[in-house]
Structure formats: C-alpha cells, structure tokens
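One structure is given here, and the rest of the page talks about it.
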2 protein chains.
Amino acid sequence: MANIKEIARMAGVSVTTVSRVLNNHPYVSETKRTAVLKTIKKLNYTRNMNAVHLITGRTHAIAVIIPNINLFYFSVIIEGLAQEALLAQYRLILCQTDYRHEEELKVLEMLRNKEIDGVVIVSTRMSSEVIDDYTAYGPIVICQDRGERRFSSVYIEHYSAFRSGLQYLHDKGYEQIGYCEGRQHGSSSSIRQIAFSDFLAATGQPFQEEWMMYNCMNEEDGGRVLHQLLKMKNRPNALIITGDHVAAGLIIEAWKNGIRIPEDLAVIGFDDQPIGRSLGLTTIDNQLPEMGVTAFRIIYDQIQNNDSYPVHRKLDYRIIERSTV
Amino acid sequence: MANIKEIARMAGVSVTTVSRVLNNHPYVSETKRTAVLKTIKKLNYTRNMNAVHLITGRTHAIAVIIPNINLFYFSVIIEGLAQEALLAQYRLILCQTDYRHEEELKVLEMLRNKEIDGVVIVSTRMSSEVIDDYTAYGPIVICQDRGERRFSSVYIEHYSAFRSGLQYLHDKGYEQIGYCEGRQHGSSSSIRQIAFSDFLAATGQPFQEEWMMYNCMNEEDGGRVLHQLLKMKNRPNALIITGDHVAAGLIIEAWKNGIRIPEDLAVIGFDDQPIGRSLGLTTIDNQLPEMGVTAFRIIYDQIQNNDSYPVHRKLDYRIIERSTV
DNA sequence: GCTTGCTATGGAATCCATTTCATAAATTAG
DNA sequence: CTAATTTATGAAATGGATTCCATAGCAAGC
C-alpha cells in the first residue's frame, strides 16, 4: 500500500533520502535515518521489487532449463545450483520444459524481456545457433560440451569418461561388452556412441547391434534389459550403463534370476547414485553437484562484471571401484 | 532498447494503440495493427516485463519452499507443480531452504514485495502463526495437514495412511512390528508416532524402543537398520518404513545377509518409488505428483479470482500389494 | 430525427523506486 | 584564510508499460 513517497512525506524528508536509507547509503544523518526507519516500521512498508527491477534493469533471478526434475541426474545438478543461488541471494526459476522447443524458447525470451538476469541450460535440443541469438541479452551457460561458442559451458568429457569405463572393463578382462544407453538422441549419447565404436575398433571387435540397448531411463528399463540378455544366444559378459538407477534395476533383476554379478555379468554404471552405493555398484562419478555449482558461479560472475566473454569449464570424472566388475 | 513510445512514434500511432496491439485488444483497426506489428518486428522490440509487473501488480510467478529437491518425495511434488505451472504459463521459483527459518521468511517476504503472486510450502518448520501473517499479501498453500487455518492446504492423512499400513501387516499375521521413521522432527513424523502408539495400544502390544529406528533418510540408512536388526536378540518380524528408498537399501542388505523377505522380515514402504517397483516392494502410494498439481491449481484459482478463502484438499492413499509382505 | 451502442483512437495519469544533478553546509588541506 | 573535499539533502528525470477517461465517427433502433 504505502510507497516511498508516503514514507518521505510522513518522515518529513525527500524520497531520495528514503531511498538512501533503504539502500544503506552513507550520506544520511542519523536523525533522518531513524525518522525514516520509524516511519517504515509504522506503515509496515516494503519496497515494491518490481519497481526496483524496472529501474535497475536487474531482477536477481536466473532461469534453468531442464527436461524434468524428477531424474537423479538433473535433480542433483539443480540441488547444487539452488544452493549457490541461495547463497548469492539469487532467485532460481525452474523451467521444466521436457525438451519442448517452444517452451525452451520462451525461457530465452524471458532473458530478452529482462525478467531474468541469466540462463542455465542443463539439457536442451536447441541448436547452438538459436542460443547464440540470445547471448546479446545476458549470460547463458550450458551444461553440455558444444565446443567453442558465444556462450559459456560446464561439461564432462563424455567421450573420455566413457572410453575409460570401457577401458576399465577391458583391463579387467572383459571382452564382450554391451551398452545400455539413456535418451537415444541426447547430445551426450552420440558422443558416447562414437566412443563405443572407437573402442571396438581399437580392440578389434565387431559392433554387435544386439548388444546395444536403447532408451534405458529407469529401474524398470534395467530389469527389461536383463530379460533381453537372458534371451540372447550370445551374451555379453559385461555391460556399461549410463545411469546407476538403470544399472540398479538390472542388478536386482539379475539376482532374482540367478545371474551372478560380476561372475556372469560385470556392470559399470554412471553418476554414483545412492542406490548404487547400496548395491556395491562400480560406477563413474561425474561430479554432478559440482556441475550446478559451477554453472551458477559462471553466470553470477558474468552478471556481476557485465562480462559476456564465454568461459568453458571441464569437470573431472573418476571411477569408483566397488564390486560389480 | 526500444520501448513502446518509440514504437508508437515510428508507427504513427499512440502508445495506447501499441499497448492494445500487444495485448490483443479488439478495438484496433487492421491498418494500424499491421503498422504496429511491422514496427515491432523492425525494431526487434519486446516488452520489458518488469514494467508490466509494476503496473499490473502481478508477476505470473509463484515460489515453492522446499528443504531439498534431491529427495524423491520432494522432487515428485515439484515435478507436478512445474508441469502445471508450465501449462498455466506461470514461473516457478524454486526456494531450496533446507528448513532455515530466515530463508523461508525471505520467500514470504517476496510475496509482500510483490515479486511473486503466491507461495506453495511443501515442507517447513515455520509456525502457522508466522505464515498467517502473510496471507494478507497473497495466496499461500501448504502441503501439510495443519487443521483449519487462514491459508489453504493439500494433504495426505498421514495418521490413517500409517494406521492402515500397520493394519495391513497385522491382518497378514505380523505381530512384531518395527518402525523406521524419516526426519525425526518432521510434522508428519509426530502424527505417525501417535498412529503407531495408538495401534500398539489397540492391539495390546507394548512399545519397544529398540524397534524404533530414527532418521532414516536414504538407502544407506536402510542398510544400517538391517545391521541393527541383526544384532537384536528379539527381532521384529515386520517393518514399516516411511520412504521406499530406505526400504530398498534395507532389502538389498537383507539379501546380502541371507534374510528372506517376507519370510524372515516383512517390509512395507511409502511413496511408490521406482526402485521399489523393481524390488517388488509392497508400499503405500501417497499420490505425490497429484499433490504438486493440486497445490498449483489451488494457488492459481485464488490468484485468478482474487479470492483468499482457504481451501483444504485431502488426497487419497492406497496400498500397493507386491511381494515383501 | 434523436437516442443508444459499438468501434477506434489518443492524452494523461499511474505503478514505485533509483539516480543524476544541483546546491549548500561543514570539514579538511595547504 | 582561502581552496578543495566531504557530507547531507532534495528536485526532477528515468525506467516502460497499462488503463482510465474523453472524444468522435458510424450504424442501428424506434
């Protein structure tokens, strides 16, 4: 109800002085300062932040584009992001777009509209060209590896992470390796597929279409994969699975069906998820929380310094050896 | 850069007419409309949404207070909430407060500041009195059962859900029932504890402190609980566990230690989580996605109708019978 | 022919804080 | 004792839309 003008009138000062008190500006006498504070309290006044946003051109909010929060991979990144945003007193607008192009675009439009100060893109199907068009309006950071572009990125080297997983299996003596892949047309999927065929080529093995399992998203898919394996005449003796929860579903189904792990089937997962820890699953940790944290920090720095020079930050991965290989 | 005034000047119309075009107001002639649209395109104009928010007093944003997104219980609620928000073209501001009182208050202050149009509180430690103080500033809905208050709620009857879980075990012939509880001082924990002791009283059983397991939050805690059980001289033959992931950790550890489920130990969980499905875990489904969806709809209705009459909506639960009881 | 009602348009007020600029008093420096 | 700072204060411009109100042309109703 009350606005800065009314406070000024009642406290017998100018609006400028009230604004100074509100923003802790030093050049206000102690008498006036207390008078203003008293009036503010009396009228139960707070700033209308929309006016502040309008005049300052900043909203202290960033948006994050994500297909779905209820997937471990994403929720962990968001957790880190949200933690950092809280620390920096920034608002985090969650945009669960399910890869829908028009919704993803709407978020970038928010940047143009000045509704937000920056955008973190965790996963998208948008082309780099489309995103490039919006870099003029504010910092954008993407959690994918896209090479050099006009926007910043934080990424894991999926190629080498995947290759080192394969190499690990190979070093342990497994030669027949199958691959359970997540979202078939994800950006990292294609990189991993290349890593996979490069590995096969390097070790002189043929590509077996039967040993490729597509669209493995959750525990149930893992279970389904095990039954696929059971039907095969020529089975792989090791599996590399992108996502520990898929691996978990598979391992549980394996136990139920008397398949010994790793004796009959070795399994290596990704992302070091809690359920994998319980199962003793060997996995490749991708430092996902770090991803969210880093993404926020990049955005934050760019907002603070009004700097649009793109930054690229590579995160490390590491193999966590447990008992499924 | 460009604003509505400039568009008006260039298109040779008034700002009012431009605003009308922008808002699809019918009373604009076709000639002027196209002139305006052409100018908008030419100058690559978009509205400054902060100005719109200021003048309209609405932001089309709601905030959600949540301790941590990376917990299944919460992330599922958020998923539903985010889906509905997207449909209604609302922004969802994620406030991961980790139960910190000052942070939770800041979110309510955002409502007073007019930064947001409403608040969904998924879980909080704030007292109803504190929340009541903010209902004057906009709709608030809480996902907890707090009896009749000045703000709306969506809730599960934890008491009866828990009792029916116990009853189910009892009907199946289990008499020695232990209880793994989540966050010890959560609002639903105390209700469940009452349900538990009421049940014991009703069936004439004594309360066994040893059979109460506190602070079971994740898979590892479930594993830990199993080892606690192994050490007991007098073991329960059934366990009711709030949270399927805790139950999952326990079941996996049971398998490793040769405890047969349900023969040696029956287990009933809560929330119907994916990992539980793989394990064949009997569980009580609390319709969590529905919770988020409903919470949003309540807020949305109240915003639309400028209606602050509190609504209370109870969600159903149901037992999903699988093979651990 | 006169009253309504609808279409079309624009001027000006409004939302509310920040910030630049101008001014003046009080210090400090030299 | 004058010049240069520092402190303190307020008027007015600014950010960029929406909307109330006034005006006017035109068609329909009686």
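Treat the numbers as computed from the prediction; the structure is a model and nothing was measured. Letters go in sequence order (proteins before strands), and every chain restarts at 1.
Closest-nucleotide positions on DNA chain D for B:Val15 and A:Val15 were compared, and the one nearer the 5' end corresponds to A:Val15.
Listed by chain and residue number, nothing satisfies the side chain to side chain donor-acceptor pair (under 3.5 Å) test with B:Tyr155 (two or more places apart in sequence, or in another chain). Contacts of A:Asp133 classified as side chain to side chain contact (heavy atoms under 4.5 Å, CB included), with partners at least two apart in sequence or in another chain: none. Listed by chain and number, the residues in a ring pair (Phe, Tyr, Trp, His ring centres under 6.0 Å) with B:His60 are B:Tyr90 (sequence neighbours excluded).
Atom CG of B:Asn48 and atom P of D:dT14 are 16 Å apart (whole Å). When rounded to the nearest whole Å, the span between OH of A:Tyr45 and C1' of C:dC15 equals 12 Å. Following rounding to the nearest Å, A:Ile55 (CD1) and D:dT14 (P) show an atom-to-atom distance of 10 Å. Taking atom CD1 on A:Ile4 and atom C1' on D:dT14, their separation rounds to 14 Å, with Å as the unit. Residue B:Arg9 contributes atom CZ, which lies 15 Å from atom P of C:dG10 at whole-angstrom precision. Nucleotide C:dC15 holds its C1' atom 15 Å from the CZ atom of B:Arg58, rounded to whole Å. As a whole-Å value, the separation of A:Leu54 CG from D:dA17 C1' is 8 Å. Atom NZ of A:Lys5 and atom P of D:dA11 are 12 Å apart (whole Å).
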Each base of DNA chain C marked ( ) or [ ] if paired in-strand (Watson-Crick or G-U under 3.5 Å), | if paired to another strand and . if unpaired gives ||||||||||||||||||||||||||||||

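A donor-acceptor pair shorter than 3.5 Å can be found between the side chains of B:Asn68 and A:Glu79. If you check the side chains of A:Gln302 and A:Ser152, you find a donor sitting under 3.5 Å from an acceptor. Counted by atom type alone, B:Thr294 and B:Arg313 present zero donor-acceptor pairs between their side chains at under 3.5 Å. Side chains of B:Ser19 and B:Thr16: a donor-acceptor N/O pair is absent below 3.5 angstrom, by distance only.
Between A:Phe296 and A:Tyr300, the ring planes are parallel. Angles under 30° get that label, and only those over 60° would be called perpendicular.
Against DNA chain C, the stretch residues 33-44 of chain A makes no heavy-atom approach under 4.0 Å. Looking at residues 16-29 of chain B, you'll see B:Thr16, B:Thr17, B:Arg20, B:Pro26, B:Tyr27, B:Val28, B:Ser29 sit with a heavy atom under 4.0 Å from some atom of DNA chain C.
For B:Lys32, the side-chain atoms get nearest to C:dT9 when compared with the rest of C:dT14, D:dT9, C:dT9.
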